[in-house]
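Structure, as structure tokens:
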Amino acid sequence: MRSEKSTFETLYRALNPRQREAVDAIEGPVIVIAGPGTGKTQVLTLRIANILKRTDVGPEGILALTFTNSGVAAMRARLAEIIGSAAYRVNIYTFHGFANAVIQRFPEYFPRIIGSHTADRIDSLRLVERAVLARRLKAIKPFGNPLYYVSSVVKAIETLKRENMSPSAFAALLRTVDRAANPKKYERNRELALVYRAYEEALKRERLYDYGDMIMELVRVLVAERELLLTLEEEYQYILADEHQDANQAQNTILELLGSFHDEPNLFIVGDEKQAIYQFQGASLHNFLYFTARFPNAKIIELSENYRSTQNILDAAHSLALSAKERLSHVRLKAQKQRRQKESVILAPVPRSGDEPDYVASEVEKLIGKGTNPGDIAMLYRENSDMPPFAAALAARGIPSVIGSETDVLKTPALAELLILMRGAVHMDDDRKLAELLCLPLTGIPAHLRYMLLARAAETHMSLYLVLARATEPPACAFSRRLSHLNAVSLTRMLPASIDFLVNESGYREEVIAGDDPTGTIQKLGDFFAEVKRYSARHPDHKLADFLDYLSALETHGLSIPERAEGRGGVRLMTAHGSKGLEFDYVFIVRAFHGHFGGRRVRERFDLPMRGSALREEIGVDDERRLFYVALTRSRRRVTVSYSVSDDNGGTLLPSQFISEIDSRLVKLASIPEKKVPQALTSVSYQIAAPRPVPDAEYLKALFFERGFSVTHLNNYLACPWKYFFVNLLRIPEAKSKHLIYGSAMHAALKELYDRGSRGERVSAARIIRIFEENIARAPLSPLEREEALGKGKRSLSGYIAQHRAGLPKDIRIEYAIHGVPFPLEGESHVVRLNGILDRITFVSDGVLVSDYKTGAHKSRNEIVGKTKRADGNYWRQLVFYKLLLDEQGTFKMREGEIAFVEPDEKGRYRTERFSVTPEDVSLLTRTMQEVLRAIASLSFWDQTCSDPDCEYCRLAKVIKKS
DNA sequence: CATATGTAGGTTTTT
DNA sequence: CCTACATATG
Ligand SMILES: Nc1ncnc2c1ncn2[C@@H]1O[C@H](COP(=O)(O)OP(=O)(O)OP(=O)(O)O)[C@@H](O)[C@H]1O
Ligand SMILES: [Mg+2]
């Protein structure tokens with residue numbers, strides 16, 4: 001109860017006349033449209049306090065709505081500063097939260113929803129996924145990646161629901177569209193309509209309702225049920241909405257309905273059109289026009305005194321806003337007198353890519369050194385994936401940070417291990433999952449025994465589980481018994497009990513406690529258990545296996561279990577979107593380069609027929625500019641906009657277009673010191689450079705020389721040393737993919753084709769296709785998968801045969817195998833044995849042509865040889881490797897090599913790219929191989945990882961390195 | 001100037 | 001796997 005009144009009084013007295021007018025205008029509709037930092041949120045919260053003070057309405061009678069959760073939190077925090085604990089009894093909600101609260105309180109009005117749970121994003125994705133997999137679709141179900149469109153479908157359905165368009169309405173609308181105009185687009189929309197219908201049915205069946213339903217149903221019911229509307233209307237005497245520029249039409253309607261019994265409802269709407277940044281999400285730019293038209297007598301208040309920023313920042317933002325195409329009112333805001341310092345907008349082009357995070361962190365360090373509180377500094381970026389290097393750079397300097405972007409607890413090593421443990425315990429009959437489990441130290445299985453068990457399984461073609469069960473080595477027997485127990489528990493007990501057992505009775509807990517960072521890990525485990533609890537509350541009858549499916553779904557759709565943000569007081573890292581409504585002394589807008597922040601390409605996979613698409617491009621730029629505007633205006637004292645001048649590959653980057661739209665007289669260029677290699681980093685890498693001895697190195701080395709080496713091994717090693725280690729050296733079982741099955745069936749058919757051709761027999765397309773079909777028929781595929789594989793394969797094959805049957809070569813060898821070609825290793829007494837199987841060799845004058853079939857989509861010549869950015873050069877390396885084999889073997893001279901694509905290109909042609917491979921190419925490859933093979937023989941890759949931070953093999957490597 | 005081919009890149013948010 | 005843009009080719 002301390003100084004509530006006086007806080008209010010102090011703040012109230014500080015208000016300027018226009019602000020005071022807004023706070024005092026308690027009755028009737030009021031609209032405040034004003035720029036950033038003019039005190040809109042301040043006025044809104046003070047107005048709530050004023051209502052409580054001047055009327056006998058209690059906190060429960062006030063409803064404050066905003067768009068984001070963080071908006072709710074910020075509003076409540078500010079209110080609590082003014083009125084103390086009563087702030088927690090004021091109804092402050094997001095629109096979704098409010099809809100949900102009404103639905104929970106008055107379920108009888110919501111028969112569609114009664115007894116249902118909310119569907120979160122992952123539920124929607126899984127339902128759509130199931131609908132797609134179960135249906136015969138073409139346009140939105142590519143063979144190579146049938147789930148490719150799933151997330152776009154969910155997005156499109158969200159849009160449709162926002163526009164209040166049911167599946168049948170959408171289907172009807174589609175019938176009015178001319179298919180011929182764009183058949184592809186049309187087909188995608190047609191299949192979208194089918195999936196949309198299936199999705200809605202699935203939602204009902206599973207008793208779920210999604211975000212769209214919350215709003216849609218509330219609107220529908222408020223329109224139909226006057227009784228409920230009356231109840232709510234009586235309950236909420238005062239309605240306030242902050243950041244209203246981001247509301248969409250349905251949310252507008254909710255506000256309007258709640259005030260509909262009065263001509264002049266007590267409706268207080270606050271916002272700034274220049275800060276509208278959620279148009280992509282359906283926000284309408286005309287919210288304020290709409291309300292001013294709806295309530296012609298509304299008091300309209302504009303504010304132009306800014307209490308946040310320096311004049312420089314305000315002028316910079318103002319000049320930026322003037323570049324917008326659309327005509328919003330652009331008032332030049334006035335800063336407070338004491339806030340006129342110069343040099344508050346700084347441009348920092350960092351010369352080298354990769355140096356930007358460290359540069360920004362060093363600037364942050366300087367500020368903190370001068371006494372700035374880290375919590376008053378923010379780094380704003382365009383997308384969540386920009387964050388990690390900046391967080392790392394701060395951490396490297398020991399600067400605390402609070403990360404607004406979600407980080408995934410499952411990615412942390414200890415949780416990744418728990419995942420392996422759970423998967424192995426539940427699916428011990430799955431060789432791959434069991435193999436990963438065997439890599440965990442808690443199994444008590446020493447390294448050499450683990451390698452031997454894997455080798456035994458690969459040689460005998462027995463399941464790994466059987467190999468383990470029959471093993472006579474004591475540690476294997478002991479673990480085998482424990483595993484059976486873990487398995488039985490995980491299959492029978494309920495989810496929380498299973499996980500509890502696995503954590504506490506498997507040795508996992510002891511490992512966490514003995515591990516590197518027990519406190520941190522235990523906190524992340526806590527977040528994980530919270531998710532388990534949430535899940536089992538919703539699916540009380542689910543077992544661990546179901547939960548694992550759920551986790552896999554999260555993984556495939558790139559979603560995460562968020563980590564609770566660590567305490568307060570650190571430098572704040574968040575997306576520009578997330579910064580809306582907040583303020584900081586120092587703001588760093590990072591990665592502000594063209595094509596990233598501004599100049600982004602928009603790609604919409606579904607072009608829905610309804611909204612007009614004429615001005616979309618322009619709108620995109622303006623939307624993005626407003627986002628930049630929001631980011632700029634978060635700053636009280638100084639904003640630094642940084643970008644790097646070159647990208648990772650040395651290409652030049654241009655600054656964001658918005659930088660040049662700022663009046664250049666207001667921008668100061670930072671002088672960036674030439675980067676010196678930081679002392680700390682060098683000493684760290686010295687520490688890394690002292691490798692620990694690799695356990696069972698001799699065994700692994702022997703295994704390597706025995707195994708031999710192929711071009712697949714080489715390509716895998718170059719992609720990731722650990723991939724080679726697990727897949728090719730240890731032969732950890734891999735799930736056979738649809739692609740592998742398809743590819744080998746195709747190869748079998750082509751073998752038949754060329755065999756017949758070489759014998760001069762008549763080629764019957766039907767017969768070749770039958771070979772393919774027989775291979776597919778035998779393979780473990782679901783009925784629908786089989787049908788799809790057959791359809792695609794038949795089409796490809798018949799086209800291929802038609803194009804090639806005239807010129808089938810006579811003098812050939814099919815699947816020409818070369819084994820055991822010796823390759824001496826420098827500095828080693830042993831030789832490595834090289835192997836390879838050549839799809840086809842064709843005898844030409846004085847030598848052979850080597851051909852390799854590829855079932856995937858065709859690649860350009862540059863992509864094959866590895867000259868493009870994304871290319872791995874695998875195909876090219878394959879051809880050179882074959883030349884090396886043939887040269888060493890000495891039987892045939894390789895004239896040329898070719899890559900033959902078995903899928904037609906978009907024009908229906910089957911492309912073959914032919915190359916001549918020179919002796920220089922071979923000697924280049926030989927040098928690479930010397931390096932690679934020596935690295936393998938000496939296991940010097942042991943402390944390396946590949947460039948993919950999510951690499952499954954590197955993750956597994958971390959696990960085995962612990963034991 | 002029209003068409004073909006090659007290449008890079010692929011959000012932001014709401015319970 | 002799709003699409004927009006840049007570059008090459010007729
Ligand atoms: N009359 C005033 N005197 C002193 N400080 C004020 C006054 N009005 C607002 N402020 C302060 O100015 C800052 C910006 O206010 P506020 O966040 O309410 O602005 P806003 O209009 O909501 O901005 P945004 O559009 O970014 O959400 C806050 O720190 C607030 O406390
Ligand atoms: Mg605000």
- If you check every side-chain atom of A:Y278, which of B:dG6, B:dG10, B:dT13 has the closest atom? B:dT13
- Task: Report yes if at least one side-chain N or O of A:T575 is closer than 4.0 Å to OP1 or OP2 of B:dT11; otherwise report no.
- Result: no
- Could you state the atom-to-atom distance from CD1 of A:I254 to C1' of B:dT14 in whole Å? 12 Å
- Inspect the contact between A:R220 and A:E217 and indicate whether a charged nitrogen and a carboxylate oxygen are less than 4.0 angstrom apart. yes
- With a 4.0 Å cut-off, would you call A:K40 and A:D242 a salt bridge? no
- Query: Looking at the side chain of A:R188, which of B:dT14, C:dT3, B:dT7 is the nearest nucleotide?
  - Reply: C:dT3
- NA contact type, A:R861, heavy-atom cut-off 4.0 Å: base, sugar-phosphate, or nothing? nothing
- Message: Tell me whether A:D123 contacts the main-chain N or O of A:D120 through its side chain, where contact means a donor paired with an acceptor under 3.5 Å.
- Response: yes
- Rounded to the nearest angstrom, tell me the gap between atom NZ in A:K155 and atom C1' in B:dG10. 10 Å
- Determine the contact category for A:R591: base if any of its heavy atoms lies under 4.0 Å from a base atom, sugar-phosphate if only primed atoms, P, OP1 or OP2 are that close, otherwise nothing. nothing
- Task: May I ask you to say whether A:E903 pairs ionically with A:K792, meaning some side-chain N is under 4.0 Å from a carboxylate O?
- Result: yes
- Query: Quick one: is B:dT7 close enough that its OP1 or OP2 comes under 4.0 Å of any side-chain N or O from A:S860?
  - Reply: yes
- Query: Quick one: is A:T94 getting a side-chain N or O under 4.0 Å of the B:dT15 phosphate, OP1 or OP2?
  - Reply: yes
- Item | A:N100, nearest nucleotide to its side chain (from B:dT12, C:dC1, B:dT15) | B:dT15
- Query: Considering only side-chain heavy atoms of A:Y148, which listed nucleotide, B:dT15, B:dT12, C:dC1, is closest?
  - Reply: C:dC1
- Closest to side chain of A:N69, choosing from B:dG10, B:dG9, B:dT14: B:dT14
- Query: Side-chain N or O of A:N384 less than 4.0 angstrom from OP1 or OP2 on B:dT12?
  - Reply: yes
- Message: From C-beta outward on A:P142, which listed nucleotide comes closest to its side chain: C:dC1, B:dT13, B:dT7?
- Response: C:dC1
- A:K907 side-chain proximity, nearest of B:dT12, B:dT15, B:dT5: B:dT5
- Query: Expressed in angstrom and rounded to an integer, what is the separation of A:L654 atom CG from C:dC5 atom P?
  - Reply: 16 Å
- Query: Which part of the nucleic acid does A:T118 contact within heavy-atom distance under 4.0 Å: base, sugar-phosphate only, or nothing?
  - Reply: base
- Task: Answer with yes or no whether A:R870 presents, from its side chain, a donor or acceptor under 3.5 Å of a partner atom in the base of B:dT7.
- Result: no
- Message: Rounded to whole Å, how long is the line connecting atom CG of A:D622 with atom C1' of B:dT12?
- Response: 17 Å
- Task: Rounded to whole angstrom, note down the P distance from B:dT13 over to C:dC2.
- Result: 27 Å
- Message: Without decimals, in angstroms, what is the distance between A:F98 CZ and B:dT15 C1'?
- Response: 15 Å
- Answer yes or no for A:K738 and A:F143: cation-pi contact, defined as NZ/CZ to six-membered ring centre under 6.0 Å and angle to ring axis within 45°. yes
- Note on the structure: A:R911 has its side chain closest, among B:dT14, B:dG6, B:dA8, to B:dG6
- Between B:dG6 (C1') and A:D905 (CG): distance, integer Å: 13 Å
- Message: If you only use heavy atoms from C-beta on, which nucleotide in B:dT15, B:dA8, B:dG6 is closest to the side chain of A:Y211?
- Response: B:dT15
- Check every atom of B:dT7, C:dC2, C:dT3 against the side chain of A:T868 and return the nucleotide holding the closest atom. B:dT7
- d(CG, A:D872; P, B:dT7) in whole Å: 14 Å
- Note on the structure: note: A:K867, atom NZ; B:dT5, atom C1'; distance rounded to Å ~ 16 Å
- Item | Cation-pi geometry met for A:R861 and A:F915 (6.0 Å, 45°) | yes
- Message: Using a heavy-atom cut-off of 4.0 Å across all strands, would you classify A:D210 as base, sugar-phosphate, or nothing?
- Response: nothing
- Task: Using a strict cut-off of less than 4.0 Å between a Lys/Arg side-chain nitrogen and an Asp/Glu carboxylate oxygen, indicate whether A:E787 and A:R136 qualify as a salt bridge.
- Result: yes
- Touch class at under 4.0 angstrom, heavy-atom based, for A:N862 against every strand present: sugar-phosphate
